[in-house]
Amino acid sequence: MSGAKSYYVTTPIYYVNDKPHIGHAYTTLACDVLARFKRLDGFDVKFLTGTDEHGQKVEKTAIGLGMTPHDLAAMNSANFLDLAKRLNCSNDDFIRTTEARHLDACRHLWNTLLESGNIYLGAYEGWYSVRDEIFLTEDELVSHPDGKKFTQAGAPVEWVKEASYFFHLSAWQDRLLAFYEENPNFIAPTSRRNEVISFVKGGLQDLSISRTSFRWGVPVPGDDAHVMYVWLDALTNYLTATGYPETNDHWPADLHMVGKDILRFHAVYWPAFLMAANLPLPKRVFAHGWWTNEGQKISKSLGNVIDPLHLIETYGLDQVRFFLLREMPFGNDGDYNHRAMMGRMNSELANDYGNLVQRILSMVAKNCEGKVPGHATPTVEDRGMLDAAHGALPKVRDALDRQMYHEALETIWEVIRAANAYVDHQAPWALRKKDPLRMESVLWVLAETVRNVALLTQAFMPDSSARILDQLSIPETQRTLAYCGSHDALKPGTELPPPQGVFPRFVEEKVTP
């Protein structure tokens, strides 16, 4: 794709101390939709995901399971790789932080920061959450009556005192604030941007970036008694995948997609590391919300963790992909529940989209010899329907550039609802005898509308959209977004295969208790 615009999108790399859950699937899927859409829109895309495999938490979990950290990391990394495949994700790379290429990148970045005067040796004393791999100040903790302290989210903390290398984070406070001011779209949504700015304005302390109390990590160059702080190691993965330090393929990233719980690392520490290394900063960090399950916070203790593979087996892959990005405004917290899933599947997929396609193509098969019908000069109603279908792409593109997936889907569904209203009003079944030429024009307008809709839904529901485009005899070479619009409309007389349903209704009895 020589000369094409570049687009680099990343998921956070997922921590390997446990199995994948719905939150991991959600983040990966959001990135996949963007990657697919950008490829269809003519971009040279790089889509990265992978696993974060170092740190004290992995070491402790492995010991508790009677495993080595290496074996635990390999086992759970394979689970995340499998999840990406099962979600039908189009990632170009899957990185593991135990790979040689990543160790090389980490060492090079460390030495760069050291040589620039941003790393110094000192001693750390303070509160540390092993679960979150984060250092905390006293005012960020909650004290229990028994004297124990916890993070706001309930993770236990321990007092740590040890020799440590520090990153001179405090030196970058003013430059970070200036960068946020000059780049208002760097952090999204706005509420998260405000949180980050407030945190940085509150004052930045130098950051401990090495540990000596465990061994499962990247050894500090020239001082094997220390391993790198897991977040310095983890964040470097985004550079590793570009070929750093030898090359910088696709850097800077266009979008880091993260959960809101790890925004600080990506919007404060990571930009400071990059500034100190004299490297370009990513263009945008988007922090999405969390899911609840039937109104309850998801936790292992409640036994309500949602397995994304079970959702796929129960409802279907494209149905799950659709629901997760349709159900709530992206960036907000959302609630998963079976009724909502079933409602979206039956109302919007089966009734609105699937039934529209089935009705139109069945009428074409029955009344137009299974060929794309001819059409006359469009009426005002025809023009309105075609304009809606042909004009949807810029709106969808704008929404996805802002990571407003629900807005993009609503734009597409406005066209689908308009098409259902149009077919009911035009009643082509009644035109068959009294005005067959008008019937053909109506069916052509509807089939052309479906062609444009199916092109736009490819990024969200690739398999289902491909089946619809197959039924319209659209060649593989004509399925990019360059073919949206009136300039490549359906050619009358094109042979069409027999129509087949794409979105079946969901039957309640199929749910596994």
Non-hydrogen side-chain atoms of [X] and [Y] separated by less than 4.5 Å:
X: Q319; Y: L317; value: no
X: L393; Y: L456; value: yes
X: C31; Y: T49; value: no
X: L207; Y: F273; value: yes
X: V268; Y: W172; value: no
X: P189; Y: F286; value: yes
X: L48; Y: I95; value: yes
X: W231; Y: I134; value: no

Passes side chain to side chain donor-acceptor pair (under 3.5 Å), D71 versus T68? Steps please.
CA-CA 5 Å; D71 288 345; T68 66; 3.2 Å; yes

Given the rule in the side-chain contact (heavy atoms from CB on, under 4.5 Å) test, do M257 and Q403 qualify, once you have shown the distances and angles that lead to the verdict?
CA-CA 10 Å; M257 183 71 75; Q403 292 77 59; 4.0 Å; yes

Taking [Y]'s backbone N and O only, do any of them form a donor-acceptor pair with [X]'s side chain (distance below 3.5 Å, no angle check)?
X: H108; Y: L103; value: no
X: N237; Y: A234; value: yes
X: R193; Y: P184; value: yes
X: N248; Y: W251; value: no
X: S116; Y: T112; value: yes

Step-by-step ring-ring contact (aromatic ring centres under 6.0 Å, His included) determination, Y238 to H266
CA-CA 11 Å; Y238 305 127; H266 287 80; 5.7 Å; yes

[X]: which residues meet the salt bridge (charged side-chain N to carboxylate O under 4.0 Å, His left out) condition with it, sequence neighbours left out?
X: D463; value: none
X: E59; value: none
X: K57; value: none
X: D470; value: R479

How long is the gap from [atom1] on [X] to [atom2] on [Y], to the nearest 0.5 Å?
X: D224; Y: T212; atom1: CG; atom2: OG1; value: 13.0 Å
X: R284; Y: D401; atom1: CZ; atom2: CG; value: 9.0 Å
X: S210; Y: L121; atom1: OG; atom2: CG; value: 7.5 Å
X: Y124; Y: S164; atom1: OH; atom2: OG; value: 8.5 Å
X: F37; Y: L481; atom1: CZ; atom2: CG; value: 5.0 Å

If we ignore angles and hydrogens, is there a donor and acceptor under 3.5 Å between the side chains of [X] and [Y]?
X: H54; Y: D233; value: yes
X: T27; Y: H288; value: yes
X: S6; Y: D44; value: no
X: N79; Y: D82; value: no
X: H21; Y: Y26; value: no
X: D32; Y: S90; value: yes

Check the angle between the aromatic planes of Y315 and F506 and answer parallel, tilted or perpendicular using the 30° and 60° thresholds.
tilted

Pair [X] + [Y]: basic N to acidic O under 4.0 Å:
X: D398; Y: R402; answer: yes
X: R36; Y: D41; answer: no
X: R86; Y: E313; answer: yes
X: E140; Y: R264; answer: yes
X: K260; Y: D333; answer: yes
X: D92; Y: R39; answer: yes
X: E99; Y: R96; answer: no
X: R326; Y: E410; answer: yes

Aromatic ring proximity, centroids under 6.0 angstrom, [Y] and [X]:
X: W159; Y: Y128; value: no
X: Y336; Y: W291; value: no
X: F330; Y: Y405; value: yes
X: F186; Y: H256; value: no
X: Y165; Y: Y120; value: no

Passes side chain to side chain donor-acceptor pair (under 3.5 Å), H102 versus T240? Steps please.
CA-CA 5 Å; H102 182 65; T240 302; 2.8 Å; yes

Evaluate Y353 against T457 for side chain to side chain donor-acceptor pair (under 3.5 Å), listing each step before the verdict.
CA-CA 11 Å; Y353 193 7; T457 57; 2.9 Å; yes

Taking it one step at a time, do L349 and F323 satisfy side-chain contact (heavy atoms from CB on, under 4.5 Å)?
CA-CA 10 Å; L349 292 181; F323 174 82; over 6 Å; no

Going by side chain to side chain contact (heavy atoms under 4.5 Å, CB included), name the residues that satisfy it together with V227, two or more places apart in sequence or in a different chain.
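Partners of V227 by the side chain to side chain contact (heavy atoms under 4.5 Å, CB included) criterion, ordered by chain and then number, come out as R211, F214, R215.
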
Could you go step by step and tell me if Y244 and T247 meet the side-chain contact (heavy atoms from CB on, under 4.5 Å) rule?
CA-CA 5 Å; Y244 175 87; T247 63; over 6 Å; no

Residue pairs fulfilling ring-ring contact (aromatic ring centres under 6.0 Å, His included) with at least one residue in residues 70-91, sequence neighbours excluded:
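Listed by first then second residue: Y14-F80, H24-F80.
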
Step-by-step salt bridge (Lys or Arg N to Asp or Glu O under 4.0 Å) determination, K149 to E138
CA-CA 9 Å; K149 295 181 183 292; E138 192 76 35; 2.8 Å; yes

Any chance you could lay out the side-chain contact (heavy atoms from CB on, under 4.5 Å) test for V230 and D52, step after step, and finish with the verdict?
CA-CA 9 Å; V230 69; D52 178 7; 3.8 Å; yes

Test side chain to side chain donor-acceptor pair (under 3.5 Å) on T98 and E53; report intermediate values, then the result.
CA-CA 7 Å; T98 48; E53 303 184 14; 2.9 Å; yes

